[in-house]
Amino acid sequence: MPGPPRYTGAMPSESDPGPSLAPLVRTVGDRRTLEFVPGDIQSEMLLSRPDALVLDYSRAMMCFALFVPQPRHIVMVGLGGGSLAKFCYRHFPQARITVLEISAEVIALREQFHVPADDARLRIIHADAARFIAGAPGSCDVILVDGFDAAGMPPELGSAGFYTACRRALRDGGVLVANLLSYDPQYAALRARVDAAFYHRVCRFAGIAGNNHILFALRAPRRLEPGSALASGVRRHARLMRTRGLRLACLNRLLARALVAWLARR
């Protein structure tokens with residue numbers, strides 16, 4: 001019997017577009033999914049609540065708000081079905097959002113997934129994310145990296161140079177959120193590269209999204225003003241780094257759900 005679909009948040013890379021050049025959209029009842037390989041769900045949307053976050057890993061990635069509650073500029077690597085973009089567009093009204101997507105075919109599906117049109121706050125750019133981020137130092141507060149092909153993490157999105165460029169692209173106190181797959185043969189190497197690029201200021205909440213391991217890497221400033229919001233965020237990151245979140249997987253999943261619910265009510 002085949003196993004259940006893997007929720008990977010996958011996107012094709014420029015050098016290897018994956019086994020399916022045309023992304024597949026499936027609609028069953030209230031549920032619409034985006035897949036690159038049949039049965040391998042990349043993104044999921046409820047037609048009745050198109051801005052809701054359905055998959056555990058997408059809710060887990062929103063935990064960046066524990067460290068940067070009021071981001072001015074959010075950069076996303078990978079559009080997929082637009083779940084992260086739609087949620088942030090609606091619930092972080094003060095933020096400008098830039099989405100970098102290398103597949104024109106994926107961008108062409110944005111209306112089917114109710115992704116808003118570009119405006120002063122939202123831009124979806126058909127671009128190589130590694131090159132774009134390398135050319136934008138000190139430009140953003142949050143970077144969400146959710147990019148895979150059929151073989152795993154594309155080399156250009158998993159290199160030491162890419163993670164170093166992400167750190168440089170962040171302002172002081174900014175956070176890189178990287179979605180890694182625990183079964184990726186390069187998993188240990190990828191974690192080590194993130195750790196090195198961010199000088200070991202990296203935390204992971206244990207068991208928060210199953211095989212999707214979400215890393216939160218902080219660009220900490222050299223000097224902190226005591227009592228500032230930035231200092232509070234750095235201390236919170238350090239505490240969660242020591243405890244791996246709330247210690248237990250079930251509590252970390254509840255934390256992500258509660259945080260998303262709170263953001264949705266703001």
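Note that the CG atom of L218 and the CG atom of L240 stand 11.0 Å from one another [nearest 0.5 Å]. Taking CZ of R171 as the reference point, atom OG of S139 lies at 6.5 Å (rounded to 0.5 Å). To the nearest 0.5 Å, the span separating CD on Q42 from CG on L79 amounts to 8.0 Å. Note that CG of N211 and CG of L180 are 12.0 Å apart. Values are rounded to the nearest 0.5 Å. Rounding to the nearest 0.5 Å places CD of Q70 at 8.0 Å from CZ of F92. Once rounded to the nearest 0.5 Å, the distance linking NE2 of H213 with CZ of R191 reads 8.0 Å.
Put simply, the side chain of I97 reaches to within 4.5 Å of the side chain of M76, judged on heavy atoms. At least one side-chain heavy atom of L84 sits under 4.5 Å from a side-chain heavy atom of M61. Side-chain contact between L144 and M62: present, with at least one pair of heavy atoms (C-beta onward) separated by less than 4.5 Å. When side chains are defined from C-beta on, L100 counts as touching I133, because their heavy atoms get closer than 4.5 Å.
A donor-acceptor pair under 3.5 Å is absent between the side-chain atoms of Q186 and the main chain of L190, judged by distance alone. Side-chain atoms of S159 come within 3.5 Å of backbone atoms of F162 as a donor-acceptor pair (strictly under, hydrogens ignored). Proximity of a side-chain donor or acceptor of D30 to a complementary backbone N or O of S48 within less than 3.5 Å is detected. Judged by distance alone, with hydrogens and angles left aside, the side-chain atoms of N252 form a donor-acceptor pair with the main-chain N or O of A206 at under 3.5 Å. Remark: side-chain polar atoms of D146 are not paired, donor with acceptor, to backbone N or O of N179 under 3.5 angstrom. Of the possible polar contacts, one joining the R266 side chain to the H91 backbone as a donor-acceptor pair under 3.5 Å is found. Counting only distance, with no hydrogens or angles, the side chain of H73 and the backbone of D141 share no donor-acceptor pair below 3.5 Å. R59 places no side-chain N or O within 3.5 Å of a backbone atom of V260 that could act as its donor or acceptor partner. Remark: side-chain polar atoms of K86 are paired, donor with acceptor, to backbone N or O of F113 under 3.5 angstrom.
Each of V106, V99, T98 was evaluated against I124; a single residue qualifies, V99, per the side-chain contact (heavy atoms from CB on, under 4.5 Å) test.
Contact record, P116 with L122: O-CD2, 3.5 Å, taken as the closest heavy-atom pair. Residue C63 comes nearest to I208 through the heavy atom pair SG-CD1, 4.1 Å, listed as atom of the first residue, atom of the second, then distance. Annotation for F36 and P23: closest pair CE2-CB, 3.6 Å, computed over non-hydrogen atoms. Annotation for A217 and V202: closest pair CB-CG2, 3.9 Å, computed over non-hydrogen atoms. The nearest pair of heavy atoms linking G81 to L34 is N-CD2, 3.7 Å. Across P71 and A95, no two heavy atoms sit closer than the pair O-CB, 3.3 Å.
With Y163 as the aromatic partner, R168 does not meet the cation-pi criteria of under 6.0 angstrom to the ring centre and within 45 degrees of the ring axis.
Electrostatic pairing of R32 and E44 does not count as a salt bridge here, judged by no charged N lying under 4.0 Å from a carboxylate O. Here D172 pairs with R219 in a salt bridge; the nearest charged N to carboxylate O distance falls below 4.0 Å. A salt bridge is absent between R123 and D118: the closest approach of a Lys/Arg side-chain nitrogen to an acidic carboxylate oxygen does not fall below 4.0 angstrom.
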Criterion side chain to side chain contact (heavy atoms under 4.5 Å, CB included) on V75 and V142, from CA distance to verdict: CA-CA 6 Å; V75 173; V142 177; over 6 Å; no
Test side chain to side chain contact (heavy atoms under 4.5 Å, CB included) applied to F87 and D51, step by step: CA-CA 5 Å; F87 187 88; D51 294 340; 5.7 Å; no
Worked verdict on Y187 versus L181 for side chain to side chain contact (heavy atoms under 4.5 Å, CB included): CA-CA 7 Å; Y187 173 73; L181 301 179; over 6 Å; no
F216 vs F198, ring pair (Phe, Tyr, Trp, His ring centres under 6.0 Å): CA-CA, chis, key distance, verdict: CA-CA 10 Å; F216 299 89; F198 283 81; over 10 Å; no
Check against side chain to side chain contact (heavy atoms under 4.5 Å, CB included), F205 and L66: CA-CA 12 Å; F205 295 4; L66 294 171; 3.8 Å; yes
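Listed by chain and residue number, nothing satisfies the salt bridge (charged side-chain N to carboxylate O under 4.0 Å, His left out) test with R247 (two or more places apart in sequence, or in another chain). The salt bridge (charged side-chain N to carboxylate O under 4.0 Å, His left out) search around D195 returns none, not counting sequence neighbours. The salt bridge (charged side-chain N to carboxylate O under 4.0 Å, His left out) test applied to R121 returns no partner, not counting sequence neighbours.
Looking only at atom types and distance, the side chain of Y89 has a donor-acceptor partner in the side chain of D119 under 3.5 Å away. S103 and E101 share no side-chain donor-acceptor pair at under 3.5 Å.
Environment of CZ in R193: crowded, with over 12 heavy atoms of neighbouring residues, nucleotides or ligands closer than 6.0 Å. Other residues, nucleotides and ligands contribute over 12 non-hydrogen atoms within 6.0 Å of the CD atom of Q94.
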